[in-house]
A.B. asks: 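This is the structure I want to talk about, given as structure tokens.
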Amino acid sequence: MPGTREYTGMRTVQPPTLEDVHAAETRIRPLLPPTPLLDGLKLETLQPTGSFKVRGALAALTALPPGTKVVAASAGNHGLAVAWAAAELGLEATIVVAETASQAKVQAISRFPAALVQHGPDYDAAERHALTLEGHYVSPYNDREVIAGAGTLALELAAAETIVVPVGGGGLAGGVGLAASGRVVGVVAEASPAMLASVEAGRAVEGELHETLADGLTGNIEPGSVTVELCSRHLRTVVAVSEEEIEEAMRHLVREYGLVTEGSGAAAVAALRAGKVVPEGATVAVVSGRNVTLETFAGVLERDARG
């Protein structure tokens with residue numbers, strides 16, 4: 001079919017350098033000022049799209065020639081970020097999400113002029129479909145400029161001695177690990193531990209996936225993804241948190257700070273509160289996103305009331 005391409009399951013991506021991170025910061029800073037740091041919490045929830053993903057999306061799109069058509073697959077936040085960045089830059093975009101994607105994120109994407117496609121039962125199926133569409137594919141994690149954009153977060157935390165970050169595909173963790181001056185610890189959901197297994201194996205490996213409140217961290221790693229190498233090299237360790245620990249962290253953040261977070265956004269805090277990461281020096285937990293449905297968030301709070 002004209003305008004499409006066959007998905008081979010493997011893409012060659014060059015890892016970013018520290019110079020790439022600084023270049024990305026120069027490009028995105030006019031539209032994205034640094035986010036606040038509150039009591040050891042880096043509030044990426046206050047980004048214009050509600051998550052850190054906007055850093056990578058804007059870095060990637062500003063590196064493209066004017067008028068480039070872009071395509072993205074997403075569990076939600078990356079798609080929202082690409083839709084926002086494309087609107088800001090006047091680019092045409094198509095966003096592919098799974099049929100099971102969070103409705104909060106689907107509705108948010110729908111507010112932008114990007115074409116929205118819902119395809120397949122999970123993120124992996126959505127990504128396979130996105131890779132057949134016409135346009136420049138912007139991966140949520142296996143993309144040099146996306147990783148460099150995510151790494152700009154570390155440049156805002158120069159004094160941090162420990163940074164704890166959630167890990168799905170590894171774009172944020174790899175970029176922060178590359179650019180950080182202190183140690184970086186990654187946190188996966190026990191229900192979707194693909195990066196933990198991949199770091200242990202030294203290559204992208206598929207694992208059994210289960211439903212998780214941290215939907216932004218779910219999915220297997222693209223074969224050959226450069227993020228496995230980056231996380232293996234730059235993360236001190238990777239730990240896993242349970243659904244109960246994620247829920248407790250979400251409740252803690254709203255009780256103590258009035259912060260609404262999605263499951264993936266609370267994962268770093270969950271690891272610290274569960275004692276799975278021991279602070280060393282000035283420690284910062286990246287609160288990576290807030291895009292959760294009211295029903296899901298209310299359910300988390302209700303379980304606390306019953307307990």
Side-chain angles (χ1 to χ4, degrees), residues 7 9-16 20-21 24 44 47 49 51-61 63 70-82 85 95-98 101 105 122-128 130-131 136-154 165-179 184 186-189 192-199 203-207 209 212 214-235 238 264-265 267-268 286 288-289:
Y7 172 50
M10 180 79 76
R11 298 182 306 119
T12 301
V13 175
Q14 294 298 315
D20 291 325
V21 178
E44 291 295 286
Q47 291 285 15
T49 62
S51 92
F52 79 94
K53 288 286 190 178
V54 71
R55 294 176 182 268
L58 191 58
L61 269 58
V70 296
V71 178
S74 174
N77 279 333
H78 174 65
L80 177 57
V82 171
I95 312 300
V96 185
V97 301
K105 294 169 185 174
D122 54 27
Y123 168 78
D124 293 346
E127 182 177 54
R128 285 192 295 271
L131 284 161
H136 178 87
Y137 180 69
V138 183
S139 170
Y141 58 91
N142 191 25
D143 182 291
R144 182 185 181 116
E145 298 298 343
V146 166
I147 298 167
T152 62
L153 188 151
V165 295
V167 184
L172 175 63
V176 170
L178 170 66
V184 180
V187 182
V188 301
S192 186
M195 184 56 79
L196 175 57
S198 297
V199 167
R203 58 181 177 81
V205 296
E206 290 192 3
L209 304 179
T212 174
D215 61 288
L217 305 184
T218 193
N220 281 305
I221 309 297
E222 181 180 331
S225 175
V226 71
T227 56
V228 176
E229 175 189 347
L230 287 169
C231 288
S232 298
R233 180 182 302 173
H234 297 293
L235 299 187
V238 179
S264 53
V286 177
S288 60

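Below, each value reflects all heavy atoms present in this structure, side chains not excepted, and no hydrogens, waters or symmetry copies.
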A.B. asks: Is any side-chain heavy atom of Glu127 less than 4.5 Å from a side-chain heavy atom of Val96?
C.D. replies: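 They are not in side-chain contact.
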A.B. asks: Just wondering, do Leu230 and Ile147 contact through their side chains at under 4.5 Å, heavy atoms?
C.D. replies: yes
A.B. asks: Within this structure, what is the OG-CG distance for the pair Ser225 and Asn220, rounded to the nearest 0.5 Å?
C.D. replies: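 Taking OG in Ser225 and CG in Asn220, the distance rounds to 11.5 Å.
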A.B. asks: Run the side-chain contact (heavy atoms from CB on, under 4.5 Å) test against Ala24 and tell me which residues pass, sequence neighbours left out.
C.D. replies: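 With neighbours one apart ignored, the set is Arg27, Ala59, Ala148, Thr152.
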A.B. asks: Drop me the distance from Asn77's CG to Gln47's CD, to the nearest 0.5 angstrom.
C.D. replies: 11.0 Å
A.B. asks: Work out which heavy atom in Ala194 is nearest to a heavy atom in Ile221; give both atom names and the distance.
C.D. replies: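 Answer, listing the atom of Ala194 first, then Ile221: CB-CG1, 3.8 Å.
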A.B. asks: At their closest point, which heavy atom of Val21 faces which heavy atom of Ala179, and how far apart are they?
C.D. replies: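 Of all heavy-atom pairs spanning Val21 and Ala179, the closest is CG1-CB, 4.1 Å.
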A.B. asks: Hey, could you give me the CG/OG distance between Leu80 and Ser74, rounded to the nearest 0.5 Å?
C.D. replies: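 Result: 8.0 Å between the selected atoms.
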A.B. asks: How long is the span from the NE2 atom in His78 to the OG1 atom in Thr49, to the nearest 0.5 Å?
C.D. replies: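 Nearest 0.5 Å value for the NE2-OG1 distance: 11.0 Å.
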A.B. asks: What pairs with Ser288 under side-chain hydrogen bond (donor to acceptor under 3.5 Å, both in side chains), at least two apart in sequence or on another chain?
C.D. replies: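 For Ser288 there are no side-chain hydrogen bond (donor to acceptor under 3.5 Å, both in side chains) partners, ignoring immediate neighbours.
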A.B. asks: Do Leu61 and Val70 have side-chain heavy atoms sitting under 4.5 Å apart?
C.D. replies: yes
A.B. asks: Got Pro16 and Arg144 here, is their nearest side-chain heavy-atom distance under 4.5 Å?
C.D. replies: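 Yes. Closest side-chain heavy atoms under 4.5 Å.
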A.B. asks: What are the two closest heavy atoms between Gly149 and Arg55, and how far apart are they?
C.D. replies: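 Result for this residue pair: O-CB, 3.3 Å.
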A.B. asks: Answer whether the closest heavy-atom distance between the side chains of Val286 and Val176 falls below 4.5 Å.
C.D. replies: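 A side-chain contact is absent here, since even the closest heavy-atom pair is not under 4.5 Å.
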A.B. asks: Leu217 and Ser192: which non-hydrogen atoms are nearest, and at how many Å?
C.D. replies: O-OG, 3.5 Å
A.B. asks: Would you say the side-chain atoms of Thr227 pair up with the backbone N or O of Gly169, donor to acceptor, closer than 3.5 Å?
C.D. replies: yes
A.B. asks: Might you point out which heavy atoms bring Ala60 and Val146 nearest each other, and give the distance in Å?
C.D. replies: CB-CG2, 3.8 Å
A.B. asks: Compare all side-chain heavy atoms of Val226 with those of Gln14 and state whether any distance is below 4.5 angstrom.
C.D. replies: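 Val226 does not reach Gln14 side chain to side chain.
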A.B. asks: Looking only at non-hydrogen atoms, find the nearest pair between Val165 and Val184 and report the distance.
C.D. replies: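 It is CG2-CG1, 4.0 Å.
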